[in-house]
Amino acid sequence: MVPDLSVDLAPNNPRELRLRNPVIAASGCFGYGEEYAGIIDVQRLGAFVSKGITPERRAGNSMPRIVETPAGMLNAIGLQNPGIRGFVKKYPALWETWTVPGIVNISAESVADYANMAAILDEQPAIAGIEINVSCPNVARGGYCFGWDPEMSAEVTQAVRSVTTLPLIVKLSPGASDIAAVARAVEDAGADAISLINTLVGMAIDVRRRKPLLANQTGGVSGPAIKPLAVRMVYQVAAAVRVPVIGMGGIMGLYDALEFFLSGATAVQIGTGIFVDPGLPIRLIDDLRHWLEQEGFSSIDQIVGIANDGFHLGAPHVLTAWEAAGV
Amino acid sequence: MVPDLSVDLAPNNPRELRLRNPVIAASGCFGYGEEYAGIIDVQRLGAFVSKGITPERRAGNSMPRIVETPAGMLNAIGLQNPGIRGFVKKYPALWETWTVPGIVNISAESVADYANMAAILDEQPAIAGIEINVSCPNVARGGYCFGWDPEMSAEVTQAVRSVTTLPLIVKLSPGASDIAAVARAVEDAGADAISLINTLVGMAIDVRRRKPLLANQTGGVSGPAIKPLAVRMVYQVAAAVRVPVIGMGGIMGLYDALEFFLSGATAVQIGTGIFVDPGLPIRLIDDLRHWLEQEGFSSIDQIVGIANDGFHLGAPHVLTAWEAAGV
Amino acid sequence: MPAAPVSMFGSSAKEPDVPTRTAGGGMPGTSREFDSEVLSVERIMGDAILLTVSAPPSVVAHLRSGQFFNIVTRFSGSFDPLLRRPYSVYRAHVETSSLTFLVRAFGRGSAWLAERVPGDRLAMLGPLGNSFTIPGRAQRLLMIAGGVGVAPLVMLSDDAVNQKRDVVFVMGAADEAGLLVPSELSSHIEYVVATDDGSRGHHGLATEVIGDYVPWADQIYACGPEPMYRTLRAVVDPLRINRRPRTQISVERGMACGVGACLGCVVETTRGMIASCVKGPVFDLDQVVL
Amino acid sequence: MPAAPVSMFGSSAKEPDVPTRTAGGGMPGTSREFDSEVLSVERIMGDAILLTVSAPPSVVAHLRSGQFFNIVTRFSGSFDPLLRRPYSVYRAHVETSSLTFLVRAFGRGSAWLAERVPGDRLAMLGPLGNSFTIPGRAQRLLMIAGGVGVAPLVMLSDDAVNQKRDVVFVMGAADEAGLLVPSELSSHIEYVVATDDGSRGHHGLATEVIGDYVPWADQIYACGPEPMYRTLRAVVDPLRINRRPRTQISVERGMACGVGACLGCVVETTRGMIASCVKGPVFDLDQVVL
Ligand SMILES: Cc1cc2nc3c(=O)[nH]c(=O)nc-3n(C[C@H](O)[C@H](O)[C@H](O)COP(=O)(O)OP(=O)(O)OC[C@H]3O[C@@H](n4cnc5c(N)ncnc54)[C@H](O)[C@@H]3O)c2cc1C
Ligand SMILES: Cc1cc2nc3c(=O)[nH]c(=O)nc-3n(C[C@H](O)[C@H](O)[C@H](O)COP(=O)(O)OP(=O)(O)OC[C@H]3O[C@@H](n4cnc5c(N)ncnc54)[C@H](O)[C@@H]3O)c2cc1C
Ligand SMILES: Cc1cc2nc3c(=O)[nH]c(=O)nc-3n(C[C@H](O)[C@H](O)[C@H](O)COP(=O)(O)O)c2cc1C
Ligand SMILES: Cc1cc2nc3c(=O)[nH]c(=O)nc-3n(C[C@H](O)[C@H](O)[C@H](O)COP(=O)(O)O)c2cc1C
Ligand code: FES
Ligand code: FES
């Protein structure tokens with residue numbers, strides 16, 4: 001029997017977010033779905049997430065915007081995008097002609113702006129769901145990142161929830177010290193699902209020019225380098241909430257994806273991996289089905305979280321040693 | 001003229017922490033100084049930091065304790081060490097016969113335990129300084145990590161400061177959302193210097209056994225993978241404090257070390273890099289001198305922080321875009 | 001010795017139980033991703049190589065000068081260096097269904113490429129980007145190459161000669177060893193060289209010798225480092241009449257995706273921030289903010 | 001084309017302006033870190049290779065069976081895979097000042113090693129660890145190898161034959177192809193084999209054929225996967241008299257440093273948690289908690 005790969009990412013929402021398979025192209029790494037059209041069969045994806053949309057159109061940051069780092073990369077694109085109005089003028093109509101679900105990622109600097117964008121999206125056709133990017137500075141709180149604080153994250157979630165019935169994914173920031181607390185807060189505030197992790201704030205110095213390599217000083221680290229951090233946070237969050245968790249961070253192949261599923265992710269997103277290996281997401285769908293069959297599972301649900309038996313909050317050099325005979 | 005590599009890591013402390021060069025072997029990666037004796041010329045190092053010492057002796061965690069990750073590694077040694085009493089019985093006497101300064105790294109689960117250890121060390125000969133590892137769970141606060149919170153970090157620092165005049169380095173945890181706030185707090189509490197970053201909490205799943213690979217579930221991520229995060233935090237902290245900053249995280253060669261110096265580090269530590277390339281720290285001393293000479297600098301001080309013109313707090317996908325002609 | 005059942009290296013391992021392809025390898029046939037075989041590696045221009053690889057006939061047939069390929073420059077068991085590197089096509093060979101790239105061994109990726117031997121496999125993505133164009137009425141073409149920037153101009157000059165245009169090809173390099181040997185260019189081309197150390201040709205920059213050719217030229221093409229374009233503009237602009245001749249340049253930007261999805265490779269133009277991997281790498285110099 | 005002055009790949013680059021050595025290369029002469037040259041690569045035991053590399057005479061001369069080297073298994077421009085891999089010495093050749101390792105191509109590091117060709121350079125750290133010992137009064141030696149665990153026992157058996165001891169060498173593998181060919185062992189050795197699929201020798205595990213030899217043996221040596229040691233203990237213990245013969249095993253642990261500094265490779269013993277890279281990899285089976 002061919003294993004069932006379908007998943008529902010919004011089981012509590014009557015509008016549902018049912019995907020044929022749990023492989024999603026991540027925000028900022030797949031444009032608006034058309035960029036990879038000539039290269040892979042986009043319609044076979046479980047879903048894709050748009051580049052982050054903002055209230056107004058943005059030209060993005062100065063160059064350079066990307067730097068390679070060990071087994072990873074730093075980006076500071078600066079959310080170059082046509083703005084919510086530019087977005088709705090073009091993409092909903094295009095997406096309507098497709099079978100693959102399109103999710104819209106939104107970023108803003110105030111709670112009201114998040115809600116305004118969500119209200120606009122609620123009226124559009126062919127939008128499968130909204131992903132709220134809370135890794136943004138809250139101008140009302142002096143630029144402190146929404147996603148580092150449970151209350152501010154919940155506030156955004158609630159505001160968006162109150163203006164739309166669309167499936168709502170909240171995408172957490174790995175900069176939060178206690179990411180499980182943020183996850184619980186946004187679940188309580190009405191998130192249908194939680195996705196993580198966004199990039200981590202990093203920097204690289206140009207030794208020759210003696211200043212930061214990125215024009216924007218800092219950027220977000222993604223790729224294989226961050227995988228162990230992402231797996232830990234997904235494991236930790238999955239142990240803390242009941243809504244579906246969507247895992248990402250450094251997925252480059254089947255075994256990486258399985259680490260996330262076994263940790264408790266219902267679906268996975270792929271970002272940097274697509275840049276490096278565009279065929280990866282489609283191959284992953286086939287490899288997942290093959291692996292489930294080989295291991296005797298009849299559906300992807302059966303492996304979600306089976307490596308997760310609760311998370312022990314702790315720092316790296318914890319004092320939970322197993323005391324043996326001596327040293 | 002041969003450039004001057006010497007640095008003082010405790011300019012505010014009469015006991016001083018003067019090093020002949022700014023290259024230090026990091027805690028947990030260099031044993032107690034004797035392990036690498038047959039392999040490199042340990043006495044040429046600027047200093048070395050001992051494995052983390054705890055109030056009681058510890059057998060450490062079950063195996064496996066290490067896992068390789070992309071361009072990095074995860075460790076969960078669990079602080080296997082002879083305890084403070086076992087330590088003082090053996091090492092101060094040994095270190096007294098050496099010219100290289102030895103710094104003792106201490107870990108504990110309560111403020112009182114930190115202070116007790118520091119009081120014992122204060123009386124020992126041949127101890128050049130104490131490095132406080134605040135990446136430990138505070139049992140009095142339900143296991144929440146000392147280092148994630150400015151106040152708890154300051155409390156530990158103050159308690160240690162009050163019992164010893166030894167040069168005091170506080171080693172920050174990268175798990176803090178606002179690491180600059182922690183840095184300012186420990187500076188105010190009497191730290192002579194600040195070192196960072198410790199490892200980040202990560203996890204890897206054994207897909208075959210369907211459980212976490214490390215017996216301890218989580219471990220600390222180190223190595224090149226974390227370098228962009230470490231450089232960012234060093235840059236950020238150096239912009240926030242006046243005491244010397246000691247940078248580390250993924251240093252594998254001259255250019256990596258220069259990224260930290262230019263960001264504002266007065267000295268660097270090398271951990272994982274020593275495992276992979278034991279000759280690295282000694283080679284780095286020579287390469288640093290050579291590079292300074294070639295670039296026309298007469299001392300290492302002249303390059304500290306020259307790439308740092310203030311840190312802009314912000315999340316990776318910040319809304320600080322430079323608005324150009326349009327999109 | 002055989003691994004203990006609990007082994008440390010599991011998580012970063014390639015999956016051994018499932019059929020896999022080379023990292024970066026794609027579905028053959030369905031896309032611009034393909035695996036190619038290294039056919040030959042030849043030293044050229046001092047520290048560079050000419051790397052010839054197999055490619056599907058359909059790819060080779062439709063290739064245009066200025067287009068490039070994003071190549072994985074690491075062992076398939078490694079994720080570092082992570083990103084593909086873009087390389088312009090130096091020559092396409094329809095007869096042997098192969099492509100030649102000119103790679104200067106400089107950093108991590110190019111050094112890895114320079115170590116390849118015939119028989120090795122490479123993961124390719126391409127052709128990517130737009131291309132140089134030869135306007136129908138442009139008979140006299142001036143091409144200016146800086147270092148390995150010569151690569152796409154070699155293919156362009158081949159095309160131009162085939163189309164019976166007149167080509168003056170100016171190349172600048174650090175020293176004589178860094179110059180392209182004349183035998184690599186069609187004998188119908190006038191080849192002018194400049195070296196920083198004066199070891200051959202003009203002692204100085206390539207842009208210092210083009211003054212005489214600008215009024216002659218109907219169209220200019222350039223490929224080299226960014227400062228060369230600024231100098232070029234300063235030299236050419238005062239010599240232009242009615243903004244003629246125009247100059248097509250190929251810009252170099254760090255890239256992640258190569259297909260317009262990441263917006264990491266943009267060029268600031270008079271029309272805004274444009275992805276150089278899709279709407280470039282070839283731009284009209286007048287439209288680029290340098 | 002030449003890099004723009006602001007290039008994206010600066011931070012992860014190797015420093016080009018300063019004299020460097022291969023990643024992992026050390027100060028020659030002052031340490032156990034050295035660069036060696038690959039002298040030959042030969043297929044053996046199905047998917048394994050015999051990798052012979054140059055080594056300083058002083059290293060080769062004092063080497064003992066059971067010792068190992070930590071080898072960098074990546075291109076010098078890459079940091080992934082990061083950690084060195086430990087490999088036991090299969091044979092040391094004093095005449096040619098070289099060492100042979102037996103490497104099974106399995107994961108990322110070993111696959112990279114298996115791709116090496118003569119002339120390539122490898123960064124070595126070693127010799128590391130303790131070694132097997134042959135007690136003076138032990139005349140009859142039983143050796144039990146599981147798969148590539150055969151490596152250190154080959155060197156040990158050479159030594160034993162040189163010291164005129166009697167050796168029974170039992171090897172188990174998945175199938176006939178995975179067995180060591182008898183010509184690799186001294187002709188003075190009695191060689192007994194077992195295969196999981198019965199394609200040669202005993203149909204089953206190596207530990208199933210040793211019953212007859214245990215009472216004969218003065219000392220037992222084993223190297224193989226951890227489950228083999230548990231079985232071995234179960235088989236040998238009931239046959240022992242006064243806790244004789246004793247068994248020396250070589251354990252496999254993931255390693256980071258190889259010198260006792262990280263405590264990542266410990267073995268739980270009756271005396272506590274012991275670093276297997278310094279106080280091992282050879283332990284008395286009685287002292288190990290399995
Ligand atoms: C559209 C396009 C076409 C290209 N075509 C070619 C081509 O045909 N041939 C070719 O060789 N390259 C070409 N490049 C450049 C190529 O993609 C790589 O950037 C180059 O090979 C260096 O990569 P690396 O991995 O070796 O160096 P990295 O390890 O990425 O860089 C190491 C360091 O070297 C510096 N650096 C890199 N390259 C140079 C250089 N050439 N001169 C001076 N400093 C440098 C960087 O600033 C960095 O600090 C092209 C780039 C683009 C965008
Ligand atoms: C003291 C010591 C001596 C050693 N001597 C030798 C030796 O002489 N020859 C030798 O080939 N190896 C030897 N090893 C093992 C060697 O160090 C590596 O672990 C091995 O080559 C696999 O590394 P890798 O990078 O190829 O695999 P990795 O990429 O690190 O591992 C990939 C996956 O394969 C699994 N795996 C790794 N190796 C095996 C295996 N052999 N069988 C089944 N699964 C495996 C791991 O669990 C992991 O999931 C020794 C180890 C130690 C500690
Ligand atoms: C170039 C780039 C742009 C990104 N843009 C966005 C964005 O606009 N909104 C967002 O929520 N995440 C964005 N991300 C984060 C990714 O969606 C993803 O969370 C992160 O890269 C980790 O996954 P990965 O390691 O698979 O790339 C971006 C990442 C990259 C690399
Ligand atoms: C195996 C291992 C053990 C460590 N033990 C300690 C420790 O006991 N105390 C401490 O403060 N840091 C410890 N660290 C953290 C390092 O000192 C260092 O902060 C970190 O590894 C980042 O530097 P690196 O990337 O150069 O390794 C340990 C790191 C490793 C890899
Ligand atoms: S490289 Fe991604 S948009 Fe050009
Ligand atoms: S490998 Fe580090 S102590 Fe053994």
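All values reported here derive from a predicted model rather than from experimental measurement. Side chains are part of it too, since the values below use all heavy atoms of this structure and drop only hydrogens, waters and symmetry mates. Quick note on labels: first sequence line is chain A, next is B, and so on, each numbered from 1.
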ask   = Do the side chains of B:Asn75 and D:Cys262 get nearer than 4.5 Å, heavy atoms only?
value =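 The answer is no; the side chains never approach within 4.5 Å.
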key: B:Arg85 atom CZ, neighbour heavy-atom count above 12 within 6.0 Å   =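 It does not: B:Arg85 CZ has 12 such atoms or fewer within range.
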key: Lys/Arg N to Asp/Glu carboxylate O, D:Arg85 vs B:Glu68, below 4.0 Å   =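 Yes, D:Arg85 and B:Glu68 are salt-bridged.
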request  = Dump the intermediate steps for side-chain contact (heavy atoms from CB on, under 4.5 Å) on D:Glu33 and B:Leu280, then the final yes or no.
outcome  = CA-CA 11 Å; D:Glu33 256 192 296; B:Leu280 168 62; over 6 Å; no
message = Checking B:Ser263 now: which residues fulfil side-chain hydrogen bond (donor to acceptor under 3.5 Å, both in side chains) with it, not counting sequence neighbours?
response =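 If we apply the side-chain hydrogen bond (donor to acceptor under 3.5 Å, both in side chains) test to B:Ser263, skipping adjacent residues, there are no hits.
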ask   = After noting the C-alpha distance and the side-chain angles of B:Asn61 and D:Met273, does the key distance pass the side-chain contact (heavy atoms from CB on, under 4.5 Å) rule?
value = CA-CA 10 Å; B:Asn61 291 325; D:Met273 300 298 251; over 6 Å; no
task = Please check if the side chain of D:Arg84 supplies one atom and the backbone of B:Val276 the other of a donor-acceptor pair under 3.5 Å.
result =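 It does hold such a pair.
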message = Using a 3.5 Å distance criterion without hydrogens, assess whether the side chain of B:Gln80 forms a donor-acceptor pair with backbone atoms of D:Leu263.
response =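 The answer is no, because no donor-acceptor pair under 3.5 Å joins these two groups.
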task = Check D:Val259 against B:Glu35 and note the closest heavy-atom contact, atom names and distance.
result =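 Between these two residues, the closest heavy atoms are O-CB, 3.7 Å.
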ask   = How far apart are the closest heavy atoms of D:Ala261 and B:Cys29, and which atoms are they?
value =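 Closest approach of D:Ala261 to B:Cys29, heavy atoms only: CB-O, 4.0 Å.
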message = Just verifying a value: how many Å separate B:Thr272 OG1 and D:Leu83 CG, rounded to the nearest 0.5 Å?
response =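 That separation rounds to 8.0 Å.
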message = To the closest 0.5 Å, what do you measure between CZ (B:Phe275) and CG (D:Leu82)?
response =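 Reported to 0.5 Å precision, the distance equals 10.5 Å.
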query = Hey, mind stepping through D:Glu268 and B:Met63 against side-chain contact (heavy atoms from CB on, under 4.5 Å) and telling me if it holds?
reply = CA-CA 9 Å; D:Glu268 191 185 351; B:Met63 289 289 284; over 6 Å; no
inquiry  = Please evaluate residues D:Cys257 and B:Tyr36 with respect to the criterion side-chain contact (heavy atoms from CB on, under 4.5 Å), reporting the C-alpha separation (whole Å), side-chain torsions for both, the decisive distance (0.1 Å), and the verdict.
reply    = CA-CA 10 Å; D:Cys257 70; B:Tyr36 276 98; 3.4 Å; yes
Partner set under side chain to side chain contact (heavy atoms under 4.5 Å, CB included) for B:Thr99, not counting sequence neighbours =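 Here the qualifying residues are B:Arg20, B:Gln43.
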